[in-house]
Amino acid sequence: MTVIRQEDFIASVAGALQYISYYHPVDYITSLAKAYEREQSPAARDAMAQILINSRMCAEGHRPICQDTGIITAFVKVGMDARFAGPADGSPLVDLQGMVDEGVRRAYLDPDNVLRASILADPAGTRKNTKDNTPACVAVELVKGNTVEITVAAKGGGSEAKSKFVMLNPSDSIVEWVLKTVPTMGAGWCPPGMLGLGIGGTAEKAMLLAKQSLMDPIDIQELIARGPKTTAEKLRVELYDKVNRLGIGAQGLGGLTTVLDVKVLDYPTHAANLPVAMIPNCAATRHAHITLDGSGPVFLDPPSLEDWPKLTYDVSGARRVNLDTVTRAEVATWKPGEVLLLSGKLLTGRDAAHKRMTDMLNRGEKLPVDFKDRFIYYVGPVDPVREEVVGPAGPTTATRMDKFTRQMLAETGLLGMVGKAERGPAAIEAIKEFGAVYLMAVGGAAYLVAKAIRSSRLLAFEDLGMEAIYEFDVHEMPVTVAVDAKGTSVHETGPAEWKQRIAGVPILQ
């Protein structure tokens with residue numbers, strides 16, 4: 001019988017969560033670096049470069065890869081010959097959920113690397129932040145053996161929002177469903193990443209399998225080299241090829257690589273059913289595996305920085321923009337796909353702030369901030385530590401603000417928006433009508449973006465925390481023109497172009 005101390009379990013979970021906040025899995029970095037070298041789309045290549053540079057910066061600075069430090073899932077396999085022991089002071093042993101949550105709490109409140117608390121209680125009602133990112137989602141298995149295995153994952157809301165489930169007929173094609181569904185997911189899940197498929201069992205089993213599959217290392221090239229043997233392996237290779245041939249590309253800008261791997265886990269199912277779940281993993285892939293054997297807490301060894309490519313971000317061809325003097329006429333000259341470097345005063349605001357502002361406008365009230373001819377950045381940054389002005393501050397998914405866009409453009413004089421991924425038809429039409437513009441920052445490059453922010457000042461809605469309205473003073477913040485003043489969207493033109501161009505490119509090699 002192995003005795004696992006409660007404190008060892010908690011400390012190990014906390015350490016693993018801090019670790020994955022700033023270290024990408026090396027297999028992801030290696031695979032992305034190879035995809036970067038192969039990439040032929042300039043826009044996608046630029047996005048990949050930012051992700052790789054950001055990743056190395058985070059590994060060196062021990063700060064989060066992404067401002068969305070995720071909702072925690074813990075897969076815990078408890079050996080039947082292991083038991084838990086409470087604290088040495090004799091205080092009661094908490095349950096497994098409580099131990100995981102205490103590990104999360106310690107990790108997210110660590111003063112040396114504060115992580116963003118994103119978990120809201122009462123999800124269908126008040127949606128009040130729990131302040132420490134608890135509770136976690138815990139899946140437990142009782143297995144043979146005398147150890148306790150823990151796999152922790154931090155999943156960002158943008159990619160989690162794109163999770164899909166379908167109950168197919170037994171004669172339906174899984175491949176057809178995937179190829180029909182992936183384009184509808186847009187770029188909010190921050191490709192290039194992975195797709196995890198869970199097939200079989202029941203509805204909830206399929207979803208769990210899909211999430212579990214994403215915990216495995218990237219090995220699609222090894223699988224292709226040796227040749228697939230099982231049905232699941234054949235499905236992986238086929239989907240890897242066909243999903244990449246959709247041409248969606250990094251950040252949805254069009255390119256050769258949309259997924260670095262496709263994972264499949266299956267389970268026997270009812271004769272009348274074919275449950276299929278699909279969950280994407282974003283560019284901020286974060287998971288780690290530890291095993292407790294009773295000898296004490298387990299802390300992961302840091303990877304070697306030699307595993308990261310040494311890249312510099314080339315901005316020689318970018319257009320420099322002064323946000324304090326920019327005019328609508330100047331904005332009208334910006335081209336779709338053009339890289340800009342923003343300097344000057346940039347406002348911030350996301351879901352909660354937009355909801356409050358539109359409610360105020362509907363009541364005829366004056367807004368606390370003047371948006372005329374200004375730009376707003378959809379962001380919820382991490383709290384700063386040490387000398388930082390602001391913590392990692394990457395963009396949030398812009399489509400969530402689509403329903404507010406027309407009113408904001410029409411009634412406030414807002415000139416432009418900065419966010420992540422594509423805009424929907426209604427937002428694009430409003431952008432075109434009012435001669436505005438939408439700029440895209442790279443999801444998964446939060447620390448890199450934060451380095452461009454020279455100061456931060458609270459302007460309004462302090463009670464909203466990370467969702468309050470701030471004014472950032474930025475210097476050469478890199479963005480791409482995603483929807484120009486004429487309503488042309490690179491998230492439509494890019495993938496369409498690369499789907500055609502990719503036809504003759506051998507993806508599997």
Side-chain angles (χ1 to χ4, degrees), residues 22-61 63-67 187 189-194 218 244 247-260 281-285 303 305-321 335-342 392-395 418-421 439-453 474-482 490-491 494-495 497-498 501-502 505:
Y22 44 73
Y23 287 136
H24 262 122
V26 172
D27 60 283
Y28 178 84
I29 291 302
T30 302
S31 298
L32 183 61
K34 290 177 180 177
Y36 168 78
E37 293 297 332
R38 291 193 304 266
E39 187 56 66
Q40 298 174 23
S41 163
R45 189 174 169 85
D46 178 88
M48 288 182 186
Q50 289 192 51
I51 294 169
L52 287 166
I53 292 168
N54 179 77
S55 179
R56 186 182 181 96
M57 290 171 60
C58 294
E60 293 173 335
R63 290 296 274 144
I65 294 165
C66 180
Q67 81 289 339
W189 60 282
C190 284
M194 293 191 292
I218 296 173
N244 280 325
I248 294 168
Q251 302 293 300
L253 295 169
L256 299 180
T257 301
T258 301
V259 290
L260 297 173
N281 222 8
C282 65
T285 295
L305 287 176
E306 294 302 313
D307 293 317
W308 272 256
K310 293 181 175 64
L311 299 176
T312 55
Y313 188 53
D314 182 9
V315 296
S316 58
R319 185 195 299 225
R320 284 168 169 79
V321 174
K335 305 297 183 185
E338 185 176 10
V339 176
L340 310 178
L341 296 176
L342 305 181
V418 184
K420 180 183 79 174
L439 311 175
M440 188 209 79
V442 172
Y447 198 35
L448 177 64
V449 170
K451 292 299 184 182
I453 301 170
V474 301
H475 178 71
E476 297 194 343
M477 173 180 166
V479 295
T480 299
V481 180
V490 295
H491 287 100
E497 174 191 349
W498 280 91
R501 295 180 63 173
I502 211 168
V505 177

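Along the sequence shown, residues are numbered consecutively beginning with 1.
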Q. For the side chain to side chain contact (heavy atoms under 4.5 Å, CB included) test, which of Ile53, Leu52, Ile51 pairs with Leu448?
A. Ile53
Q) Are Val339 and Val315 close enough, and set up right, to give a side-chain contact (heavy atoms from CB on, under 4.5 Å), and what steps lead you there? A) CA-CA 8 Å; Val339 176; Val315 296; over 6 Å; no
Q | Heavy-atom closest contact (Ile65 atom, Ala284 atom, distance) | A | CG2-CB, 4.1 Å
Q | Met48 side, atom CE; Lys34 side, atom NZ - distance, nearest 0.5 Å | A | 14.0 Å
Q | Criterion side-chain contact (heavy atoms from CB on, under 4.5 Å) on Leu342 and Val418, from CA distance to verdict | A | CA-CA 11 Å; Leu342 305 181; Val418 184; 4.2 Å; yes
Q | Atom of Gly252, atom of Pro191 and distance for their closest heavy-atom approach | A | N-CG, 4.0 Å
Q.
Quick check for you: to the nearest 0.5 Å, what is the distance between Leu260 atom CG and Leu32 atom CG?
A. 6.0 Å
Q: Give, for atom OG1 of Thr480 and atom CG of Leu439, the distance between the pair rounded to the nearest 0.5 Å.
A: 8.5 Å
**Q.** Check: Asn281 side chain, Met194 main-chain N or O, donor-acceptor pair, under 3.5 Å
**A.** no
Q. Per the side chain to side chain contact (heavy atoms under 4.5 Å, CB included) rule, which among Met57, Glu60, Arg56, Gln67 passes with Tyr447?
A. Met57
Q | Any donor-acceptor pair under 3.5 Å from Gln40 side chain to Gly255 backbone | A | no
Q.
Minimum heavy-atom separation for Pro303 and Trp308, please, with both atom names.
A. CG-CH2, 3.6 Å
Q: For Gly254 and Ser41, work out which heavy atoms get closest and say how close.
A: O-OG, 2.7 Å
Q. How far does OG of Ser55 sit from OH of Tyr22, to the nearest 0.5 angstrom?
A. 13.0 Å
**Q.** Exercise: identify the closest heavy-atom pair between Pro64 and Cys58
**A.** O-SG, 3.3 Å
(Q) Holding to side chain to side chain donor-acceptor pair (under 3.5 Å), I want the full list of residues that pass it with Glu338, two or more places apart in sequence or in another chain. (A) Arg319
Q) Could you give the distance from OG1 (Thr258) to CG (Leu253), rounded to the nearest 0.5 Å? A) 10.5 Å
**Q.** Derivation and outcome, side-chain contact (heavy atoms from CB on, under 4.5 Å), residues Leu256 and Asn244
**A.** CA-CA 6 Å; Leu256 299 180; Asn244 280 325; over 6 Å; no
Q: Please confirm whether the backbone N or O of Gln251 pairs with a side-chain atom of His491, one donor and one acceptor, at under 3.5 Å?
A: yes
Q. Minimum heavy-atom separation for Lys420 to Gly443, with atom names?
A. CD-CA, 3.8 Å
Q. Is Glu476 reaching over with its side chain to a backbone N or O of Arg320, donor-acceptor style, under 3.5 angstrom?
A. no
Q) Say you draw a straight line from OH of Tyr313 to CG of Asp46; how long is it, rounded to the nearest 0.5 Å? A) 3.5 Å
